[in-house]
> 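Before I ask anything, let me first share the structure, which is written out below as structure tokens.
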Amino acid sequence: MTLFSLLSHRSARGRSDLASKATLLDCARPPYNATPMGTTRASLHTLGCRLNQAETSILGEGLRRKGFDLVEFGQPTDVLILNTCSVTEDAERTSRYLIRKTLKHSPHAFIAVTGCYAQTGMEQLKRQAGIDLIVGHQFKLDLPAYLPAVHELRKRSAPDIHYTKTIARGDFDLPHFAEPDSTRALLKIQDGCSAMCSFCIIPFARGHERSRTFDDILREADGLVARGYREIVLTGVNIAQYNVHSGNDFCALLRRLDQVDGLERIRISSIEPTTVSDELLDLIASSNKLCPYLHIPLQSGDDQILRAMNRRHTVKEYRKLIDTALTKIPDLGVGTDLMVGFPGETEAAFKNTVAVASDLPFSYLHVFPYSPRPGTAALRIKQRVPSASIKKRTTLLLDLDRAKRLVFHNAQIGKTVSVLFESGTRGSYRFGTTPNFTKVAVRDSGDLENHIKPVTISAAADRYVFGDLVSPPTPMNAPLVLL
């Protein structure tokens, strides 16, 4: 049974009663600032993509600058900022559930909602009890400025709203730089998408493509290196469409980041197949910093379904791209997205997807069922795939994903690779990541956080590989130690 099937839905009458109680109690509730040291607690939670995660870090920095004490999500809090996702119906349902969950342990918490669901589902969120502030994408990174003063942080009978239906175009800067909470720092370079895939709500949620100014990106990259970060992950919606008015495009940005002193790794997040140029592949192949890793969404292995999705590539073009990339870049790790149950996906079309995913040497597959999104062109396609078929097909592709991971991981056995280690341990192991995005586990060997160490891979499982730290060689003139 899934989490969502366990969640009860509040009746319309229950919502109305809650709203009435909120109105009566609005003036009676005391202000916050009730923690022992006189600080005001705030927590943040992210749903969805890496871009959302990067933006949540920026919001967290904004809260710190306003004097909030950040606490872990799920702990009692005075303010919750929920950065939502709208890619699937499940993501929206989770957003509503998390608001109710927070109000159970922090019934007076001021709830602020932003992100894609705040942009596309604002009318629905307005009707949900317990929300005090809704901020659309146009104003998202300024959200901390819209919070009331501490002495006015009370529940509202109706939410304050900062929202525009359209999102301004043009180059942008970030209001400030965040302190990443991972050893791999997310660096936002771009926002929005103009591709208009028929299943995707992101163009409606985030607007047209726009790019962050060149100098602002470089300032943050320099700052991250100065604070000890060794890897940056470039994030955006359609990142290779990066192109600022000064004429610098994506490859120009990569060349400049490659020159940042002290930066050891540059990783590209998800990138559209039609934007992966030979120039980009040559850059990755020739650079010591650009990671040999690409996540290139395929979505379907059937040309008819790709046309219905309004995707801009064919299966043949995609296969050629992967072949070219693997020829140019040794030990390349390639991941992809596969959608199951798009309207009109017949058994034959699904078998075509299985065949392509089986043939190409993917290191992993992200598999997800189609989710109808209001306002998207795919809603007009009448041939819906039965839920039982979607579930069966999803299970088959998830089994293929495990098999592909194991094949890729087995191919790493015997290699000595560089591993950037994460914080903490799981059981008796420490974990890290190779340049081609292989997850590596080594026996706990003390504090390895944010260190890049050579590891020889000795065994493989479907989720990660196991290895041993390579001991540094003994210097030629080292004194002889008699045992």
Side-chain angles (χ1 to χ4, degrees), residues 49-51 53-55 57-58 61 141 169-180 182-194 208-296 324-325 328-330 332-333 418 420 433-437 450 452:
C49 62
R50 282 180 176 158
L51 181 55
Q53 294 169 22
E55 291 169 342
S57 296
I58 297 167
E61 180 62 23
L141 297 183
R169 302 192 189 192
D171 302 344
F172 63 89
D173 287 344
L174 297 185
H176 43 254
F177 304 151
E179 182 68 38
S182 170
T183 55
R184 297 184 297 119
L186 300 175
L187 181 62
K188 176 178 177 177
I189 66 167
Q190 185 270 345
D191 206 342
C193 185
S194 304
H208 290 282
E209 293 158 356
R210 54 202 185 279
S211 301
R212 183 178 172 187
T213 61
F214 206 73
D215 290 342
D216 200 47
I217 294 171
L218 295 176
R219 279 192 293 269
E220 183 172 9
D222 287 335
L224 289 168
V225 171
R227 283 177 282 166
Y229 290 91
R230 295 165 176 253
E231 179 180 319
I232 59 172
V233 183
L234 304 182
T235 64
V237 180
N238 195 351
I239 61 172
Q241 293 295 89
Y242 178 88
N243 201 329
V244 292
H245 291 159
S246 60
N248 290 308
D249 63 8
F250 186 53
C251 287
L253 176 63
L254 292 177
R255 288 191 188 93
R256 182 60 184 85
L257 289 171
D258 196 69
Q259 297 170 11
V260 173
D261 290 337
L263 180 59
E264 298 185 51
R265 289 185 183 179
I266 304 165
R267 190 178 301 278
I268 299 170
S269 61
S270 182
I271 185 169
E272 282 296 303
T274 54
T275 66
V276 181
S277 64
D278 284 340
E279 182 184 9
L280 174 58
L281 295 178
D282 290 338
L283 274 175
I284 297 173
S286 63
S287 171
N288 293 322
K289 295 184 180 182
L290 282 165
C291 291
Y293 162 77
L294 290 168
H295 181 96
I296 310 177
T324 302
K328 287 177 177 282
I329 307 168
L332 178 69
S418 66
L420 174 60
T433 309
T434 69
N436 70 3
F437 209 55
N450 203 36
I452 296 179

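Below, all heavy atoms of this structure are taken into account, side chains as well, without hydrogens, waters or symmetry copies.
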> Would you tell me whether Thr213 and Asp173 have side-chain atoms, one donor and one acceptor, within less than 3.5 Å of each other?
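Indeed, the side chains of Thr213 and Asp173 share at least one donor-acceptor pair under 3.5 Å.
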
> Please report the interatomic distance OG(Ser211) to CD(Glu209), rounded to the nearest 0.5 Å.
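Between atom OG of Ser211 and atom CD of Glu209 there are 8.0 Å.
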
> Is any side-chain heavy atom of Arg267 closer than 4.5 Å to a side-chain heavy atom of Glu231?
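In contact.
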
> Can a donor-acceptor pair be found, under 3.5 Å and without considering hydrogens, that links the side chain of Ser182 to the backbone of Ala185?
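The answer is no, because no donor-acceptor pair under 3.5 Å joins these two groups.
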
> Taking Tyr229 for its side chain and Gly223 for its backbone only, find out whether a donor-acceptor pair lies under 3.5 Å.
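Pair absent, no side-chain N/O of Tyr229 close to backbone of Gly223.
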
> To the closest 0.5 Å, what do you measure between OG (Ser269) and CG (Leu294)?
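Interatomic distance, Ser269 OG to Leu294 CG, rounded to 0.5 Å: 10.5 Å.
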
> Just checking, is any N or O donor in the side chain of Glu272 or Asn238 under 3.5 Å from an acceptor N or O on the other one?
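Asn238 and Glu272 do not have a side-chain donor-acceptor pair below 3.5 Å.
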
> Could you give the distance from CG (Leu187) to CD1 (Ile266), rounded to the nearest 0.5 Å?
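Taking CG in Leu187 and CD1 in Ile266, the distance rounds to 10.0 Å.
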
> Please enumerate all residues that pass side chain to side chain contact (heavy atoms under 4.5 Å, CB included) together with Ser270, with sequence neighbours excluded.
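Residues passing side chain to side chain contact (heavy atoms under 4.5 Å, CB included) with Ser270: His295, Pro297.
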
> With Ile189 as reference, evaluate Leu234, Leu51, Thr235 under the side-chain contact (heavy atoms from CB on, under 4.5 Å) test and give the passing residue.
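Among Leu234, Leu51, Thr235, the one meeting side-chain contact (heavy atoms from CB on, under 4.5 Å) with Ile189 is Leu234.
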
> Of all heavy-atom pairs between Ala178 and Ile58, which one has the smallest distance, and what is that distance?
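Between these two residues, the closest heavy atoms are CB-N, 3.5 Å.
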
> Once ring-ring contact (aromatic ring centres under 6.0 Å, His included) is applied, what residue pairs with a partner in residues 260-280 remain, sequence neighbours excluded?
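Checked against ring-ring contact (aromatic ring centres under 6.0 Å, His included) - neighbours excluded - no pair reaches residues 260-280.
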
> List the residues meeting ring-ring contact (aromatic ring centres under 6.0 Å, His included) with Tyr293, not counting sequence neighbours, and say none if there are none.
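Listed in chain order: Phe437.
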
> So which heavy atom on Phe172 is nearest to which on Arg210, and how close?
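Reported closest heavy-atom pair: CE2-O, 3.7 Å.
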
> Quick one: list whatever passes side chain to side chain donor-acceptor pair (under 3.5 Å) with Ser418, sequence neighbours left out.
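So Ser418 forms a side chain to side chain donor-acceptor pair (under 3.5 Å) with Arg265.
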
> Run the side chain to side chain donor-acceptor pair (under 3.5 Å) test against Thr433 and tell me which residues pass, sequence neighbours left out.
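Checked Thr433 against side chain to side chain donor-acceptor pair (under 3.5 Å); matches are Lys439.
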
> Specify the closest pair of heavy atoms between Asp191 and Glu55, including all atoms of both residues, with the distance to one decimal.
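Answer, listing the atom of Asp191 first, then Glu55: OD2-OE2, 3.7 Å.
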
> Checking Asp282 now: which residues fulfil salt bridge (Lys or Arg N to Asp or Glu O under 4.0 Å) with it, not counting sequence neighbours?
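By the salt bridge (Lys or Arg N to Asp or Glu O under 4.0 Å) rule, Asp282 matches Lys328.
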
> So, the side chain of Lys289 versus the backbone of Leu263: is there a donor-acceptor pair under 3.5 Å, distance only?
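Looks like yes, one N/O pair under 3.5 Å.
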
> Go through the structure and list residues passing side chain to side chain donor-acceptor pair (under 3.5 Å) with Gln190, not counting sequence neighbours.
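Checked Gln190 against side chain to side chain donor-acceptor pair (under 3.5 Å); zero matches.
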
> Search all heavy atoms of Arg184 against all heavy atoms of Leu420 and return the closest pair with its distance.
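Closest pair (atom of Arg184, atom of Leu420, distance): CG-CD2, 3.7 Å.
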
> Applying side chain to side chain contact (heavy atoms under 4.5 Å, CB included), run through Ile268 and Leu280 and close with a yes or a no.
CA-CA 11 Å; Ile268 299 170; Leu280 174 58; 4.0 Å; yes

> Show the atom names and distances, to 0.1 Å, of all donor-acceptor pairs under 3.5 Å that link a side chain in residues 239-247 to residues at least two apart or in another chain.
| from | atom 1 | to | atom 2 | distance (Å) |
| --- | --- | --- | --- | --- |
| Tyr242 | OH | Arg212 | O | 2.8 |
| Tyr242 | OH | Phe214 | N | 3.4 |
| Ser246 | OG | Asn248 | ND2 | 3.3 |

> Side chains of residues 255-262: which donor-acceptor partners sit under 3.5 Å, not counting sequence neighbours?
| from | atom 1 | to | atom 2 | distance (Å) |
| --- | --- | --- | --- | --- |
| Arg255 | NH1 | Glu279 | OE2 | 3.3 |
| Arg255 | NH2 | Glu279 | OE2 | 2.4 |
| Asp258 | OD1 | Ser287 | OG | 2.6 |

> Salt bridge (Lys or Arg N to Asp or Glu O under 4.0 Å) with Glu61: which residues, sequence neighbours excluded?
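Applying salt bridge (Lys or Arg N to Asp or Glu O under 4.0 Å) to Glu61 gives Arg64, Arg65.
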
> If I take atom CD1 from residue Ile232 and atom CG from residue Leu186, how far apart are they, to the nearest 0.5 angstrom?
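Going from the CD1 atom of Ile232 to the CG atom of Leu186 covers 10.5 Å.
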
> Do the side chains of Asp216 and Arg219 get close enough for a salt bridge, i.e. N-O under 4.0 angstrom?
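Yes, Asp216 and Arg219 are salt-bridged.
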
> Mind listing the closest non-hydrogen atom pair of Val237 and Cys193 along with its distance?
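Nearest pair, atom of Val237 first, then Cys193: CG1-CB, 3.6 Å.
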
> Restricting to side chain to side chain donor-acceptor pair (under 3.5 Å), what partner residues turn up for His208, sequence neighbours left out?
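Only Arg169, Ser194 meet the side chain to side chain donor-acceptor pair (under 3.5 Å) criterion with His208.
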
> Which atom pair, heavy atoms only, marks the closest approach of Ile329 to Pro292?
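Taking Ile329 first and Pro292 second, the nearest heavy atoms are CG2-CB, 3.7 Å.
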
> Quick one: CG on Leu290 to CG on Leu281, what's the gap to the nearest 0.5 Å?
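Taking CG in Leu290 and CG in Leu281, the distance rounds to 11.0 Å.
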
> Residues in salt bridge (Lys or Arg N to Asp or Glu O under 4.0 Å) with Arg227, at least two apart?
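For Arg227, the residues satisfying salt bridge (Lys or Arg N to Asp or Glu O under 4.0 Å) (neighbours in sequence not counted) are Glu179.
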
